[in-house]
Amino acid sequence: MPIKPTQATLHGYPRQGPNRELKKAVEGYWAGHITADELRATAAALRAATRQELRAAGIAEIPTGDFSLYDHVLDTAWMVGAVPKRHRGAAGTSLDTYFAMARGTAEAEPLEMTKWFNTNYHYLVPELSADTVFTADSRKPVEEFTEARQAGLNARPVLLGPISFLLLAKPAPGTDPGFAPLTLLDRLLPVYASVLADLRAAGAEWVQLDDPVLVQDQPGSVLGATARAYRELCAAAPRSDRPKLLVASYFDTLGEALPVLADSPVEGLALDFTGPAAANLDWLANIGGVRGKRLIAGVVDGRNVWAADLGHALGTLATLLGLAGSVDVAPSCSLLHVPLDVAAERDLDPQITRWLSFARQKTAEVTVLARALTGGRDAVAPQLAASRAARASRAGSALTRDPAVRARCAAVTASDARRPQPYPERAAAQRARLGLPPLPTTSIGSFPQTGELRQARAALRAGRISADAYRERIAEEIRTVIGCQEEAGLDVLVHGEPERNDMVQHFAERLSGFLATRHGWVQSYGTRYVRPPILAGDVSRTAPMTVEWTSFAQSLTDRPVKGMLTGPVTMLAWSFVRDDQPLADTARQVALALRDEVTDLEAAGTAVIQVDEPALRELLPLRRAAHPSYTRWATEAFRLTTGRVRADTQIHTHMCYAEFGEILSAIDDLDADVISLEAARSRMGIAAELAASGYPRAVGPGVYDIHSPRIPGVGELTALIEQALRALPSSRLWINPDCGLKTRTTDEVQAALRNMVTAARNVSGRLRDGA
Ligand code: GLN
Ligand code: ZN
C-alpha cells in the first residue's frame, strides 16, 4: 500500500461555542424560551462554525458526531434504541424524551451520571437488561456527517464503540443486578453494522469507533469479545458496503488489548502517546508495528492545557512512521476536556499564555506537526523555535520554580507525614478536650448557597458593592448558619462556607502557583461548565486563608466549630495540573501549603479540622499496576497536611461518590480521626464494608441524602443509625449528612438537621438505657 502523506485530524472538539451558546440554547429550550427548531438551528450553526474553523486551521479530516446536545454516551444509547421504558412515555417529542433521560421528569428518574474515566467530564450511564432490544437510529451520525460533506469537507464520523458502550452501561433498576451488559454484544453488533452501513451509504470512507475501556485492565473475556466484535463488524458487509473502521483508545496504554486490535481486521487504530499512554510506543514496537493499518497518533495531550513539546512529538512521530502503514497526527483524545482558546485570556501575562494551549492552539499544533512530517522541519522552523522558546521560558520562570518551596519539599521526612501519637491516645485526648456526647452530630461543611450570596459575590466582582459590605453579608450568613445549627442541636458546628464560590477555586485563588482563567470553561456534564484552575507553578501559601471566618464563627458559639479545608489530592484532581514534574511532587507542595493553614487554625484554637478529599478515588490511575504508587503519594500528601497537629486536635476527612471498595486501605492510610462518607442511598453499605475491612477509627456514614429535596423523617433516620450501629461500635460512630448542604434550601436543611439530631439522641438514649 502506498504511504499516504501525514495529515492532521482530531477526535472531537468543544461543543459549547465561543460564548457557551449551546448551554444558553439548551437551557433556553428547557425554560420554554426557544423552540426545538430554534435549538436545532443554534446547534447546527455551532457545528458549521466549528467545521469552518477546523478547515481554516488545516485539519484535513474533520470529526463529526462528536457534537452533542447533552452527552455522547446518551447519544449512543439513543442511536442503539436503549431508551428506558420510564422515559419513553415521559415526554412529548423525541427531543423531550432525550432530555428526560438526561434530567428526569416529575415522574421518571434520569439515567445515573458518572465520571468519564479519570477526567472531570460526566456521562449518563445507559441502562440495559436481559430484555433490552436494540434498534438502530442512525439519523444523528448520518446528518452530522452529511452536513460536513455538503460543506465540501473530508469528514470521519466518530462513534462510541460497542465494547465501551456495553461496559459503561449498568443493569437497569429493578432487573438482576448481576446482569452483565456485555452478554448483549450479539444483539448490539447488528445495530452497529446497520449504522455503519448507513454512514457508508452517506459517503463515509472511514468511521472511528472509540473504545477507551480497553485502556483499563480487562479480563480475557473482554479482550475475546473485542476481537470478536471487530471481526464481525468487518465481516458484516462486503468491504464496499461498509466504511473502513478505525478503533480509538485514549487516557492510558492499551497494553494487552493492543495486539488484539492489531490482529483484528480493522483498517486503522488511534492511539494515545502522551502521559502514561506513552507506553503504547513500546507495545507497538514489541509487536512489530501495524504496517497494514492506518495509525492516528495522539502526540499532543488532549486533556491538559500545556503547549506541546513539538520537538518531542516529532521524535515520537518519526519512530511511528516505521511502525504503521500511514501515520496521521492528532491530539490524544477529544478536545472536549480543554477550554476553547487561550487568546480569550487577556488578563493573563502574555509570558504565561504562550506556555498554554487550549483547543484552538492544540488544533494548530497538530497541523504544524503534520506539516513537519510532509514538508520537513524547515517548513515549520518558526513554530518549532517558538515551541522551544516557550518551554524554556516556562522552565526558567520564577512561577515554575520557587527555591524556597523546593527546599522545603526536599526536606520532608517520613515522620513529617505521621502523627506522633497512635489513634487510641489521640482519641482519648480529643474526648477529654471536646467532651462530646455519644453519637456526636455534625454536618459536612457547606450550608445553602443562596441566591443572595451569589448575587453579593457577583456585585462585589462588578464593583457594585464594597469589600466591607460583602464581608458584612458573609458575617451575617455565618451568624444565621451558627444559629440554625445551635437551634437544631448539633454538636460540632461549621461556618457554612458562604465565602466560597467553589471548594477548589476558593483555595486556588489564595495559593500562589495557581492561575485562574476568565473564559476557560469546560463541560462537566450537560449544560454545566466549570473553569478549573491551572496549577502552573510551585505552590505556597502567602497568608492564612480560612482562619478569620472560622474564628469569627467560633466566637459566636461555645460548641466547637470545624475548620474546613480542601485536601491536596482534590486540589489536583479538579485543576489542570502541571506536566513538567510528577504529580506526587505537586501534591507534596500543595500539602505543605495546606499544612501551614492547619497549623494556623490550630493555633487560633480550632479543635476540629476537616480536610475534604472527595476526589481521592477519582485520581486513581486507570491501570491497576499504577495504583500502589498513587495511593502512596496521595495518602502521604493528606498526612503531610494534617500530621503536625496536637493529639487533642481532631482531624476529620470527607469523601463522597459511593464506590470505595478499591481504596479502603488508602482510606485507612489517611489516619484521620473521623471520616464522613456518603452512605444514605446504599443503606449504610459503605459503613459495613469499612468496618469489615477492620477500619479502626471513627466513621460518620451519611444518613441524610442531600441529593434529594426530600426531608428524611426521624423514623427512617433512626433506622439508618441503627443499621450503622450493627457495623460500627457506638464509640466510633458519628451522625451526619451525606455531603455538603449547598444545593439544598434553608428550610429543608433546618428540618432535616433537626430530625437528624432527634434521631441520634433517641438512639443514644436507648443505648444509655441499655435497650
Ligand atoms: N466541605 C464541602 C461541602 O460541604 C465538601 C464538598 C464535597 O464533598 N464535594 O460542600
Ligand atoms: Zn461530599
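Ligands are counted one by one from 1 in listed order, and the atoms in each one are counted from 1 as well.
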*asked:* For a distance under 2.8 Å, give residue and atom name for each protein N, O or S atom next to the Zn ion (ligand 2).
replied: His654 NE2, Cys656 SG, Cys739 SG
Please list, in number order, the atoms of ligand 1 under 4.0 Å from a heavy atom of [X].
X      : answer
Gly445 : 4 (O)
Gly740 : 3 (C), 4 (O), 10 (O)
Met564 : 1 (N)
Ser446 : 3 (C), 4 (O), 10 (O)
Cys739 : 7 (C), 8 (O)
Asp612 : 1 (N), 2 (C), 5 (C)

Do [X] and ligand 1 have an N or O pair less than 3.5 Å apart?
X      : value
Trp574 : no
Gln610 : no
Ile444 : yes

*Looking only at heavy atoms, is any part of Lys742 under 4.0 Å from ligand 1, and if so is it the side chain, the backbone, or both, or is it neither?*
side chain
*asked:* Side chain, backbone, both or neither: which applies to Cys656 and ligand 1 if a contact is any heavy-atom pair less than 4.0 Å apart?
replied: side chain
Side-chain donor or acceptor of [X] paired with backbone N/O of [Y] under 3.5 Å:
X      : Y      : value
Gln523 : Pro14  : no
Thr119 : Lys115 : no
Glu636 : Ala417 : no
Thr653 : Asp612 : no

*Using the ring of each side chain (for Trp, its six-membered ring), is Tyr123 parallel, tilted or perpendicular to Trp116, with breaks at 30° and 60°?*
perpendicular
*Look at the aromatic rings of Phe251 and Phe117 and report parallel, tilted or perpendicular, splitting at 30° and 60°.*
tilted
Side-chain donor-acceptor pair under 3.5 Å between [X] and [Y], yes or no?
X      : Y      : value
Gln449 : Glu497 : no
Thr557 : Glu486 : yes
Tyr470 : Arg457 : yes

*Hey, does His72 have a side-chain heavy atom less than 4.5 Å from the side chain of Arg15?*
yes
*So which of Asp648, Asp673, Asp671 actually passes salt bridge (charged side-chain N to carboxylate O under 4.0 Å, His left out) with Arg419?*
Asp673
*Heavy-atom contact under 4.0 Å between Glu497 and ligand 1?*
yes
_Stacked cation flag Arg697 on Tyr695, 6.0 angstrom / 45 deg_ = yes
